[in-house]
Every structure is written in C-alpha cells, then in structure tokens.
Amino acid sequence: MKYDFAAIEKKWQDRWEEAGIFRASEDRSKKKFYALVEFPYPSGAGMHVGHIKAYSGLEVISRKRRMQGYNVLFPIGFDAFGLPTENYAVKTNTHPRIVTDKNIRKFTSQLKRVGFSFDWSRTVDTTDEDYYKWTQWIFRKMFDAGLVFRATTLVNYCPHCQVVLSNEDSQGGKCDICHSEVIQKSKDVWYLRITAYADKLLEGLAKVDYPANVKAMQENWIGRSEGAFADFRLTGCDESLRIYTTRPDTMFGVTFMVIAPEHPVIEKYRDRISNIDALDAYREECAKKTEFERTQLTKDKTGVRIEGIAAINPANGKEIPIYISDYVMMGYGTGAIMAVPAHDERDYEFAKKFGIDIVEVIKGGDISKEAYTGDGEMINSGFLNGIETKKEAIAKMIAFLSEKGIGEKGVQYKMKDWAFNRQRYWGEPIPIVHCPKCGMVGVPYEELPLKLPPVENFEPGEGGESPLAKIDSFVNCSCPKCGGPAKRETDTMPQWAGSSWYFLRYTDPHNPDALASKEALDYWMPVDWYNGGMEHVTRHMIYSRFWHRFLYDIGAVPCEEPYAKRTAQGLILGPDGDKMSKSKGNVVDPNDVVDVYGADVLRVYVLFMGDYGSAAPWNDSSVKGCKRFLDRVASLPEMVSGKENPKLETAFHKTVKKVSEDIDEMKFNTAIAALMTLLNDIADQGSLTKDQLVDFIKLLNPFAPHLTEEIWENIGGRGFLSLAPWPEWDEAKTVDDEIEIAVQIGGKLKGTILVPKDISKDDAIAAAKADPKIAPLLAGKSIVKEIYVPGRIVNIVAK
RNA sequence: GCGGGCAUGGCGGAACUGGCAGACGCGACGGAUUUAGGAUCCGUUGGGCAACCGUGCAGGUUCAAGUCCUGUUGCCCGCACCA
C-alpha cells in the first residue's frame with residue numbers, strides 16, 4: 001500500500017519538535033549515551049547524500065538507545081568559519097555572516113526533513129561570538145602554557161587561496177581547499193606546539209576503541225622514531241654540524257654528509273666555500289620546485305659537493321666531504337644527515353652517483369650490489385666490532401657520543417608543529433596584541449570574545465595580508481600590559497580551530513561562564529561513540545585530541561581522551577561507481593530522493609545499500625526496492641488477526657535478536673534484510689497478531705521513524721513509538737522445534753533431513769543413514785568416521 | 001618503499017568461532033491484472049541436460065575451507081627521499 005509520505009513525515013517531524021522528545025535530559029541519574037557525528041560545514045551547495053549516510057548510522061543507534069532507556073545526547077551544529085564561504089562572500093559582495101546564516105538555515109531544514117533525532121536545542125555555530133569566545137579562550141590558555149609561538153620558517157603556501165597551510169592541510173602537495181599546487185615560502189607564522197603532545201597522542205591511542213587502520217594512520221602521521229643526535233666537527237671553521245640518525249650503530253661507515261639546500265650553515269660560511277656559485281645555482285633550482293616535484297624525484301639523486309668545508313667522522317676521525325642535496329629536508333631532524341652508503345638505500349644511490357667510498361660495517365649483505373639494511377655482526381667499526389645486535393651497537397655508540405659530549409639519544413616525529421593562522425577574514429581573530437615594549441601579549445580573558453570587526457572588503461591584501469590589517473580601528477589598540485600604543489594581530493585562526501572542541505560545548509551549549517560546566521562535562525564526557533569520515537583521521541581527529549588533552553592537563557575536562565569509540569562510514573559513490581563530484585555530474589541530491597520517495601526510504605536505503613563502513617555506488621532501482629519494502633510495511637495492519645501463529649513466533653524472536661545485535665555492530669544492511677525476511681515470512685503466513693505488529697514497527701522505527709509512528713497511532717498506540725520500550729527476545733525461542741540439518745558424505749552435501757532441535761548425535765546420524773536419499777549411497781561401504789555438528793550438519797566418511 | 005584493507009552470481013552485497021556458499025535487495029525471465037504503459041501480485045533466477053563444477057590464481061592442512069596456512073596476481077586507501 002502506498003502511503004502519503006509527504007504528509008506523514010511532516011506531521012511527525014512537527015510533533016517531535018513540539019514535544020521536544022529528542023532533547024537530552026538533565027536527569028543525570030539515568031545512564032548516558034553521547035553519540036557524536038561530525039558537524040557539517042554549511043556550504044552553499046546544501047547537503048549531500050554522503051551527509052545523510054554519515055549521520056544515519058548513529059541516528060539509528062541513538063534512537064535504539066533511547067528506546068532502551070538511555071539518556072541520549074545526539075547533537076548537531078555547524079562548523080561555519082572557512083574559505084568557501086568567504087570566497088563566495090567576496091564574489092557576491094555579501095557579508096559572510098549573511099551567507100553563513102543562509103546556509104545554516106538551508107542545512108537545518110534539510111536535516112529536519114530527513115527526521116534526524118538531533119537535540120536541536122543544543123545546536124552550536126562556531127562563528128557565533130558566544131562560541132568563539134571559548135575557542136579564543138582555549139587559544140589564550142595555550143598561549144599562557146607556552147604552546148603558541150611564532151616563527152619564520154618555510155611554510156606551505158597556497159598561491160591561489162593566498163594562505164599558509166598546515167602540513168595536514170597540504171597533504172600530497174595540494175591545497176586542501178582549492179587543490180592547486182602548494183609552494184614553499186618563508187613566512188612569519190603562528191604555530192601551536194602540537195609536537196609537545198606527540199607522545200601523549202600516541203599513548204592515548206592505547207586507551208580508545210578506534211578501528212585498527214585509524215590507529216595505524218595516526219601512529220604513522222605522528223611518526224615517532226628513536227635515534228640519536230651527533231655533532232660532526234667541521235674543518236675550516238670552528239663549528240660542528242648536528243645530525244639526527246636512527247642508526248648510530250653504523251657511524252663507522254659514514255663516508256660523507258648531506259645537508260638540506262636551505263641549511264643555514266651555507267649562508268654562515270659563504271666566504272669559506274670556494275664553489276658558492278655552484279651551490280647557489282643548485283639551491284635556486286630546488287627552491288623553484290614544488291614540494292610535490294621534490295618528493296616525486298625519488299629515483300634520481302642530485303646534489304653538489306661543498307668545496308672548502310669538510311667534516312670529521314667522530315667515530316674514526318676521518319675527514320669526509322659534505323654535499324647539499326634535496327633528498328635531505330630542512331623540516332625533519334636537523335636538516336643534516338650522516339650518510340652511510342653501505343647500509344642506507346638513499347645514501348647508497350647517492351654514493352654510487354658521486355663516486356663516494358662505501359664502507360661495510362655490518363656483515364650479511366652484498367654491498368657491491370645494494371645497501372644492506374638488515375642485522376649482522378659489526379665489522380670495520382673499532383670498539384663496536386664483533387657486536388651482533390643492532391640494539392647493543394646503538395647503545396654503545398650513544399654512550400660513546402654522550403661521554404665525549406658530542407651527542408645523545410634523541411626522538412623525532414614526522415608530525416610538525418601546527419601552522420595556526422590564516423590571512424583571511426572569516427575566522428576567529430587571534431587574541432594577541434603586539435606591543436613594541438612588551439612583545440606579544442595575550443588579550444585579557446575578560447575582553448573575550450575579541451569580535452570580528454565589520455569590514456567592507458573581505459579580499460586579502462597585497463602579499464596575502466589579512467583583510468583585518470586594513471582596519472585601523474581594529475589594529476590600533478593599547479597594550480594590555482603597559483597601556484602603551486600597540487597593534488593587534490590581524491590573522492585569524494584556521495578552519496580546524498572551532499571543530500577542535502565543539503563536542504565539549506554540546507554538553508552545556510549556552511553556558512556564558514565556561515566552555516561547559518564541570519557537572520555537564522563530568523556527566524557526558526567522554527563521547528561514547530564518534531562516527532565520521534576517514535578524511536578527518538589525520539587532521540580533525542589529531543587536532544581535537546590534542547586540544548582535549550591540553551584541556552585535561554589544565555584541569556578543564558575530566559578525561560584524557562575525548563572519544564571512547566570511533567567508527568567511519570564509507571563513501572556513497574555516484575551511480576557510475578566514481579566518487580561523486582559536481583564536475584562529473586554524478587551527484588545525488590537527498591532532496592530529490594525525499595521528494596519522490598520520502599525521508600524514510602532515503603534513510604533505509606543509505607543503510608541498506610551495503611556494509612556501512614565501505615564505499616558503495618548509488619543505485620536508483622535499489623532505492624525503489626526500499627520503497628516497495630516500506631509500502632508493504634504500510635499494509636501490515638490489514639493483516640492483523642487475533643489468531644496466534646506458532647510458526648511466526650520463532651521468526652520474531654530471531655529477528656528481534658538479529659536486529660538488536662546488528663544495530664549495535666553497525667551492520668545495518670543485514671538488520672534491514674532481517675526485517676525484510678520477516679515481512680516475507682508474515683506475508684507467507686497471511687496474518688500476524690497485533691503484538692507482533694507492534695514489535696515489528698518498533699524494530700523498524702530507528703530506520704523509518706515516520707511511517708512507524710503513523711502505524712503506531714493508527715492502531716491505537718499511546719505516546720510516541722520513538723519512546724516506547726525496545727522489544728526483547730527469548731533465546732530459547734529463537735530456534736524452531738524442528739530443524740533442517742545438512743547431510744554430507746565425505747564432506748560433500750548429499751541431502752538434508754528434518755529432525756527435532758534437541759536430537760542427540762546418535763539419533764541424528766541414524767536419521768541421516770535412514771534417509772531414503774542417503775541410504776543407497778552408503779550401501780556396501782564401510783563407515784570410517786561420523787561427525788555431528790549440533791544443529792548444523794552430519795558428515796559420514798565412508799569407503 | 002612503509003602502513004591498512006579488499007577480491008564471492010548480471011549488479012549492491014550476505015555467510016556465527018572452519019560446518020548446507022549466494023541471505024536480503026536490484027536486475028532479468030515467465031505468468032496474473034491492465035485498452036496500453038506504469039504500478040502491483042505470483043513464480044523462476046550461480047553454471048551445467050546430467051553426474052557434477054563453482055568464492056582472483058597455485059598449492060597445503062582438515063571429515064569439512066569464502067573462512068586457516070604457504071606462495072602468487074590484481075585492485076583500493078593513507079603516508080612517503082622521515083635520515
């Protein structure tokens with residue numbers, strides 16, 4: 001039976017809202033469940049079916065938990081600062097505030113149309129002054145704690161967007177916003193010292209329930225390595241060059257050094273370098289390459305030897321040449337390496353190309369062919385000779401370096417400090433004042449929020465300076481410390497700031513005195529279950545874990561880790577199997593689906609289309625299948641009769657169990673399939689009881705809440721079905737009295753027999769042998785072995 | 001190169017801890033209804049006339065392998081000259 005989904009859905013959405021039934025309760029005696037989904041960036045394009053899938057997972061789980069009696073917090077908000085809005089504002093000459101409000105309204109209406117059970121009373125908007133006050137407050141706390149610093153370094157810079165990008169935002173050498181090539185530029189930028197939390201972020205992973213690949217990606221991204229620092233004395237000047245290595249054990253095999261083209265030692269000793277012109281030419285060539293090109297050239301090593309300065313190998317006192325080459329990066333370690341061509345593939349390649357000595361110090365390989373990176377006995381290594389384990393050799397070499405005062409154990413991370421500013425308007429102003437006398441001074445806490453001033457022109461200034469720099473009334477201020485004339489910082493925070501703590505605000509969203517009250521945080525935190533996209537694993541997830549851990553360290557939050565459990569949904573691909581994109585024209589608009597089939601169908605389909613965690617292509621015909629299913633459900637009340645049907649009883653217990661368990665494991669596709677199967681069984685039987693109908697619509701309610709509420713009302717149900725208790729099952733009743741078991745001979749299926757469910761092994765085997773199909777196959781053979789797997793299979797091995 | 005994962009009908013995908021491979025849905029085919037189309041309902045649907053054969057490929061363990069082991073091929077994702 002077709003049902004009037006448009007009318008039904010609107011009706012129930014209005015009633016839910018009126019009754020406020022999805023508001024998290026203030027009753028803290030109840031067991032809590034905090035389900036978090038990644039709040040959307042309210043783009044002008046509106047919502048995407050991907051958003052629907054991303055939210056539908058925890059939507060179903062939240063609805064089930066509510067029916068199970070939990071106090072559920074399932075909030076939503078908007079991560080609304082950012083470049084796309086600002087770019088659109090510039091293009092249309094509209095204030096970003098207006099653009100943002102419009103987009104938020106659009107997203108809100110779309111989300112409500114799908115019937116998500118969000119607690120709309122707790123919505124946050126990161127661009128709201130009452131919200132970003134606390135974003136700035138956290139920044140100030142970090143500033144006080146020495147985690148904020150300013151440095152002039154080579155940074156990732158997007159020439160198109162005219163902004164500095166963090167490492168996380170320029171993955172693969174492309175700007176995360178516009179996908180143009182990122183270039184390296186020397187700039188004075190703000191940093192958050194996330195590297196100070198590298199170990200804590202690594203250790204925290206042991207305490208949380210994240211998928212293995214998510215943990216691996218974060219571990220990889222943090223990239224901790226243990227090794228040693230060592231100073232190599234230079235000839236021709238009174239200085240040492242510090243290197244980092246993970247293989248101090250191979251130091252006797254060092255036959256040259258390599259430094260990054262940008263290494264400052266070159267500038268410092270220009271006049272002592274006899275081939276400075278050649279070096280400059282090479283350095284200029286490197287500077288022109290994008291980061292991407294530089295890392296692409298993994299095969300062919302280039303470089304230039306520095307003439308006039310050499311180094312001394314501290315292990316054996318031998319003089320060794322120094323090269324500059326772009327295979328050494330200024331951004332990792334010290335920008336200088338000791339090269340051991342016999343035992344490092346890159347050094348080997350470089351030595352071969354430049355004809356440098358290759359000295360074997362570990363036995364086990366054939367260094368005439370390739371570098372040997374394995375373990376073995378130490379040779380040609382003075383006091384290390386004869387040692388057979390890497391660990392021991394490393395320890396001895398580090399002891400040697402420490403004793404001589406020229407090195408020590410060291411740890412390095414691939415993760416870099418977080419470049420934390422954008423030269424744009426639509427972001428949180430950085431609450432810092434530059435005073436000629438006092439230096440950098442934090443804006444006093446009582447003056448927060450430091451509000452964005454009104455401007456007329458949002459375009460970045462010459463050379464990428466912030467639009468705020470053009471507003472004298474904003475820039476000129478007095479120093480909070482000495483009262484003298486000072487200038488405000490005009491950069492704003494990056495997009496990721498607001499999302500680094502939003503889950504805390506949800507617990508107490510309107511609190512004017514704190515980011516959230518202690519009571520609210522104690523009760524709700526940590527987030528019990530956080531679902532989102534894989535694309536955020538090495539950005540938002542790392543950043544927010546860092547902020548949260550910092551807040552824990554200053555006593556502002558009660559738990560070390562913000563998210564107890566994390567899962568990720570798979571992408572919805574276009575009908576053609578490609579990733580959905582505007583340019584390919586394969587984007588499916590959720591509105592269109594709701595218009596034609598209704599929200600319940602959309603909800604069921606995005607969860608039924610495949611494994612929740614995997615990518616799956618959109619298929620319009622399959623959507624129709626879900627529509628058919630719900631239309632058939634709409635007819636179920638017509639089949640209600642007073643008579644009990646024992647055949648359906650087992651089917652119901654089985655299904656209650658299956659659906660209950662599958663939802664908790666995010667196996668939504670099989671949960672829905674089980675309901676479809678049950679519906680088919682009911683149709684075969686021709687009738688069901690009213691109690692069975694109630695159970696059915698309860699199980700389906702989290703997936704298709706509108707239709708099931710309507711049925712509930714029509715059959716005289718009181719109150720909201722969404723708040724009715726979740727059905728229970730009786731384990732003993734999940735198995736039929738008579739079961740079908742398979743009979744195999746020699747492991748091959750030969751037939752099936754129908755037996756009582758509690759049949760003994762002997763009886764089962766006897767029944768199998770007596771089966772008219774099986775008996776002739778065993779005639780004249782001797783039985784070698786008989787196996788009975790209870791309730792499943794009889795296998796007779798005969799010769 | 002490192003790390004994570006995947007491979008099952010025409011398609012999306014099921015399959016507990018090794019126990020009847022292909023649940024459920026789509027599509028297709030046949031039928032009913034209909035002036036027709038659509039929608040709906042009923043039936044069939046891995047291949048093969050059959051014995052049998054079938055989960056990327058080649059082996060192995062086992063009474064029994066999609067599932068475990070060894071090797072191999074292809075694909076996807078993340079990181080990547082990280083010293």
Side-chain angles (χ1 to χ4, degrees), chain A residues 1-2 171-172 211-221 223-225 227 243-247 250 257-258 260 294-301 325-329 331-340 344-347 349-350 373 412-416 534-535 537-538 570-571 573 577 604-605 608-611 613-626 628-629 631-632 635 658 661 667 669-680 683 740-752 784-798:
Chain A
M1 180 188 83
K2 292 215 168 112
Q171 297 182 25
N213 58 333
V214 169
K215 283 193 186 185
M217 277 168 76
Q218 293 205 350
E219 275 165 17
N220 231 328
W221 187 257
R224 185 180 205 273
S225 88
I243 59 98
Y244 173 74
T245 178
T246 53
R247 296 295 305 273
T250 61
M257 292 183 80
V258 185
R294 229 174 116 164
T295 53
Q296 279 310 93
L297 299 172
T298 51
K299 287 169 202 112
D300 199 24
K301 297 265 182 295
S325 172
D326 64 359
Y327 85 90
V328 174
M329 307 286 156
Y332 184 79
T334 61
I337 63 159
M338 60 173 224
V340 188
D344 181 282
E345 283 158 26
R346 295 149 304 177
D347 299 346
E349 210 181 296
F350 193 86
T373 54
Q412 283 289 303
Y413 303 93
K414 286 188 202 172
M415 184 169 71
K416 308 267 186 12
M534 287 304 292
E535 70 275 19
V537 167
T538 55
L571 288 178
L573 305 173
V604 169
Y605 177 65
F608 180 67
M609 62 193 298
D611 172 56
S614 310
W618 185 269
N619 183 310
D620 281 318
S621 309
S622 290
V623 179
K624 282 183 205 157
C626 294
R628 266 178 221 150
F629 169 58
D631 283 344
R632 291 175 68 203
S635 313
K658 174 91 180 140
E661 292 177 348
K667 289 162 78 174
N669 53 339
T670 50
I672 294 166
L675 287 166
M676 290 172 167
T677 306
L678 180 58
L679 180 66
N680 291 341
E740 192 187 62
I741 61 175
V743 181
Q744 296 182 336
I745 295 177
K748 305 233 174 195
L749 180 71
K750 296 294 175 187
T752 58
V784 180
K785 202 168 182 180
E786 294 167 335
I787 294 125
Y788 174 59
V789 182
R792 296 208 170 265
I793 212 162
V794 170
N795 188 9
I796 299 166
V797 188

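Order of the sequence lines sets the chain letters (A, B, ...), proteins ahead of strands, with each chain counted from 1.
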Rounded to the nearest 0.5 Å, what's the gap from CD1 on A/Ile796 to NZ on A/Lys750? Could you check?
-> 12.0 Å
Could you check which nucleotide pairs with B/G27 in any of the strands shown, counting Watson-Crick or G-U wobble with both distances under 3.5 Å?
-> B/U45
Closest to the side chain of A/Lys301, out of B/C24, B/G78, B/C81, is B/C81
For B/C79, which nucleotide in any strand shown is its Watson-Crick or wobble partner with both distances under 3.5 Å?
-> B/G1
Separation of B/G27 P from A/Lys624 NZ (nearest whole Å) | 7 Å
So CZ of A/Arg628 and NZ of A/Lys2: to nearest 0.5 Å the spacing works out to 10.0 Å
Take atom CD in A/Glu345; do more than 12 heavy atoms of anything else shown fall under 6.0 Å from it?
-> no
Nearest 0.5 Å, what's the CG-CD1 distance between A/Leu749 and A/Ile793?
-> 7.0 Å
Calculate, to the nearest 0.5 Å, the distance between atoms CG and CD1 belonging to A/Asp344 and A/Ile337 respectively.
-> 7.0 Å
For B/C49 and B/U40, measure between their C1' atoms and round to the nearest Å.
-> 36 Å
Examine the base of B/C79 for any acceptor or donor lying under 3.5 Å from a partner atom in the side chain of A/Lys414, and report the outcome as yes or no.
-> no
Please confirm whether any donor atom in the side chain of A/Glu740 sits under 3.5 Å from an acceptor in the base of B/C20, or the reverse.
-> yes
Taking the six-membered ring of A/Phe350, is NZ or CZ of A/Lys301 closer than 6.0 Å to its centre and within 45° of its axis?
-> no
Of the nucleotides B/C63, B/C24, B/A83, which has the atom closest to the A/Ile787 side chain?
-> B/C63
Any luck finding a side-chain donor-acceptor pair between A/Tyr605 and A/Asp620 under 3.5 Å?
-> no
Taken to the nearest whole Å, CD/A/Gln412 to C1'/B/A83 is 10 Å
Regarding the side chain of A/Met676, the nearest nucleotide among B/G25, B/A15, B/C53 is B/G25
Heavy atoms under 4.0 Å, any strand shown: does A/Val789 hit a base, just sugar-phosphate, or nothing?
-> base
A/Asn680 side-chain N/O to B/A23 phosphate OP1/OP2 under 4.0 Å = no
Could you tell me whether A/Asp347 contacts a base, only the sugar-phosphate backbone, or nothing, with contacts defined as non-hydrogen atoms closer than 4.0 Å?
-> nothing
Provide the distance between the two C1' atoms, one in B/A14 and one in B/G60, to the nearest whole Å.
-> 28 Å
Side-chain contact check for A/Asn619: nearest option of B/G12, B/C26, B/C81 is B/C26
B/U67 - base-pair partner by Watson-Crick or wobble geometry, distances under 3.5 Å | none
Looking at the angle O4'-C1'-N9-C4 for a purine or O4'-C1'-N1-C2 for a pyrimidine, is B/G18 syn or anti, with syn meaning within 90° of 0?
-> anti
For atom P, what is the distance between B/C11 and B/G48, given to the nearest Å?
-> 15 Å
Decide yes or no, distance alone: a donor-acceptor N/O pair under 3.5 angstrom between the base of B/C63 and the side-chain of A/Asn795.
-> yes
Is B/A15 paired to anything, Watson-Crick or G-U wobble with both distances less than 3.5 Å, and if yes, which nucleotide?
-> none
Sticking with atom C1', work out how far B/U45 lies from B/G25, rounded to a whole angstrom.
-> 14 Å
Nucleotide nearest A/Arg792 when distance is taken to its side chain, options B/G27, B/C16, B/A23 = B/C16
Using a cut-off of strictly less than 4.0 Å, decide whether A/Lys748 has a side-chain nitrogen or oxygen near OP1 or OP2 of B/C53.
-> yes
Whole angstrom value for the distance that separates C1' of B/C24 from NZ of A/Lys667 = 14 Å
Which part of the nucleic acid, if any, lies within reach of A/Ala216 when heavy atoms closer than 4.0 Å are counted: base, sugar-phosphate only, or nothing?
-> sugar-phosphate
Within less than 4.0 Å of OP1 or OP2 of B/A83, is there a side-chain N or O belonging to A/Tyr332?
-> yes
Base, sugar-phosphate alone, or nothing: which one does A/Thr752 contact when heavy atoms must sit under 4.0 Å apart?
-> base
Tell me which nucleotide among B/C20, B/C81, B/A14 gets nearest to the side chain of A/Leu749.
-> B/C20
Does A/Trp221 or A/Asp344 map to a spot on RNA chain B nearer the 5' end, using the closest nucleotide for each?
-> A/Trp221
Nucleotide B/G25, atom P - distance to CZ of A/Phe629 in whole Å = 9 Å
Value in whole Å for how far the P atom of B/G25 lies from CG of A/Asp631 = 14 Å
Would you kindly give the CD1-to-C1' distance between A/Ile337 and B/A83, to the nearest whole Å?
-> 5 Å
P gap between B/G46 and B/C29, integer Å | 16 Å
Across the strands shown, which category fits A/Arg632 at heavy-atom distances under 4.0 angstrom: base, sugar-phosphate, nothing?
-> sugar-phosphate
B/C24 and B/U33: how far apart are their P atoms, nearest whole angstrom?
-> 28 Å
side-chain N/O A/Asn669 vs B/A14 OP1/OP2, d < 4.0 Å = yes
RNA chain B: 5'-proximal contact among A/Ala616 and A/Arg628 (nearest heavy atom) = A/Ala616
Could you tell me which nucleotide pairs with B/U35 by Watson-Crick or G-U wobble geometry, both distances under 3.5 Å, or answer none if nothing does?
-> none
To the nearest angstrom, the NZ-C1' distance between A/Lys215 and B/C2 comes to 20 Å
About how many Å separate OG1 of A/Thr670 and CG of A/Asp611, when rounded to the nearest 0.5 Å?
-> 9.0 Å
May I ask you to evaluate whether A/Lys750 reaches the phosphate of B/C52, defined as a side-chain N or O under 4.0 Å from OP1 or OP2?
-> yes
Identified pairing partner of B/C6, criterion: Watson-Crick or G-U wobble below 3.5 Å | B/G74
Can you tell me, in whole Å, how much space there is between the P of B/C68 and that of B/G74?
-> 22 Å
What distance, rounded to whole Å, do you find between the two C1' atoms, one in B/G10 and one in B/U44?
-> 16 Å
Minimum-distance nucleotide (side-chain atoms of A/Ile793 versus B/C41, B/A15, B/C20) = B/C20
Base, sugar-phosphate alone, or nothing: which one does A/Ala615 contact when heavy atoms must sit under 4.0 Å apart?
-> sugar-phosphate
Just how far, in rounded Å, is C1' of B/C2 from CE of A/Met217?
-> 14 Å
Considering only B/G12, B/G3, B/C20, which nucleotide approaches the side chain of A/Phe608 most closely?
-> B/G12
Closest non-hydrogen atoms of A/Met609 and A/Ala616, given as atom of the first, atom of the second and distance, are CE-O, 3.6 Å
